[in-house]
Chemist: 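For reference, the structure I am asking about is given below.
Both ligands and their constituent atoms are indexed starting at 1 by order of listing.
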Amino acid sequence: MSIAFSKYHGLGNDFILIDNRHSAEPIFTAEQSIKLCDRNFGIGADGVIFLLTAVDGGHQMRIFNSDGSEPEMCGNGIRCLAKFMDDLGIPSLERKYSIHTGAGLIVPQMDADGQVTVDMGKPFLTAAEIPTTLGEAGDRKVIDFPVEVGGKVWNVTTVSMGNPHCMIFVDDVASIPLAEIGVLFEHHPAFPNRTNTEFVEVVNRGYVKMRVWERGAGATLACGTGACATVVAGVLNDRCDRNCTVNLPGGDLQIHWLAESDHVLMTGPATLVFTGSLKL
Ligand SMILES: N[C@@H](CCC[C@H](N)C(=O)O)C(=O)O
């Protein structure tokens, strides 16, 4: 049996995409996905994304990280999925797709310039371990709290975009030993569901540099949900504007946290790398 796949990336955050619409369950298990993501013995990717048919007959995204864990959402991944759906010729209204995810219904739109803008929904503040809608907490200026990791106390701000993020504002992001410290954050007891960790250097209120250690994937070149969570944390800590460019190792994402609706919009590229077929 052979199974077609396509590999896409969003700013170097790369994914194997499978047209899995014929079934309600992913065609590959977590263990098979780990093998496919292996950069030496497999295709190589940060995750495997399945386009499924949802119970209401609509579209559904499921994803396995490269370690086989299943996150609720993936920002770069859903841009790649929208491009994949567009490339497959799946009909859409105004080039918008409504996609069920573990973080609710998410709506990416293909832009005229080839980029993809995604309505990522509302962020949640998770500092008190009880999710609070940020609309209710909107007046709070400083929401960070101390966590001891690797023998040092770090001030962290935790925001959920459906999946968990922990942001730390630093003076010089290049000086952070990401691999050493990122894995300690990921498995710290303060984060029972593990966490994605973002180190953020504010260059000015409209431009920040961010480096990420992803839960289940390690250091990646970009993280879409992480970029959204970073801007939310930056606004709540009065460090950046609601409309902000996030610079990542793989390039820039434009993030806009809308004051009116509390929704976060993310704009960035999605690129086809190659297609192939897997013999099983
Ligand atoms: N790279 C993604 C996030 C993928 C999921 C993440 N590793 C998690 O476990 O939450 C993005 O672009 O958002």
Chemist: Report, as yes or no, whether the 6.0 Å neighbourhood of atom CG on D171 holds more than 12 heavy atoms from other residues, nucleotides or ligands.
Modeler: no
Chemist: Would the W154 and F199 ring centres measure less than 6.0 Å apart?
Modeler: yes
Chemist: Any idea which part of R194 is under 4.0 Å from ligand 1, heavy-atom wise: side chain, backbone, both or neither?
Modeler: neither
Chemist: With heavy atoms only and a cut-off of under 4.0 Å, state how T225 meets ligand 1: side chain, backbone, both or neither.
Modeler: both
Chemist: Can you tell me which portion of N76 lies within the under-4.0 Å heavy-atom range of ligand 1? Options are side chain, backbone, both, or neither.
Modeler: both
Chemist: Touching ligand 1 at all, T220? Heavy atoms, strictly under 4.0 Å?
Modeler: no
Chemist: Does some side-chain heavy atom of P164 sit less than 4.5 Å from a side-chain heavy atom of F124?
Modeler: no
Chemist: Please classify the I63 to ligand 1 contact at 4.0 Å (heavy-atom distances, strictly less than): side chain, backbone, both or neither.
Modeler: neither
Chemist: Any N or O of A217 that comes nearer than 3.5 Å to an N or O of ligand 1?
Modeler: no
Chemist: Among all protein non-hydrogen atoms, which one is nearest to atom 3 (C) of ligand 1, and what is the separation to 0.1 Å?
Modeler: E214 OE1, 3.4 Å
Chemist: Compute the minimum heavy-atom distance from E72 to ligand 1 and say whether it is under 4.0 Å.
Modeler: no
Chemist: Tell me the contacting part of C223 for ligand 1: side chain, backbone, both, or neither, using a 4.0 Å heavy-atom threshold, strictly below.
Modeler: both
Chemist: Relative to the heavy atoms of G75, which atoms of ligand 1 are at a distance of less than 4.0 Å?
Modeler: 11 (C), 12 (O), 13 (O)
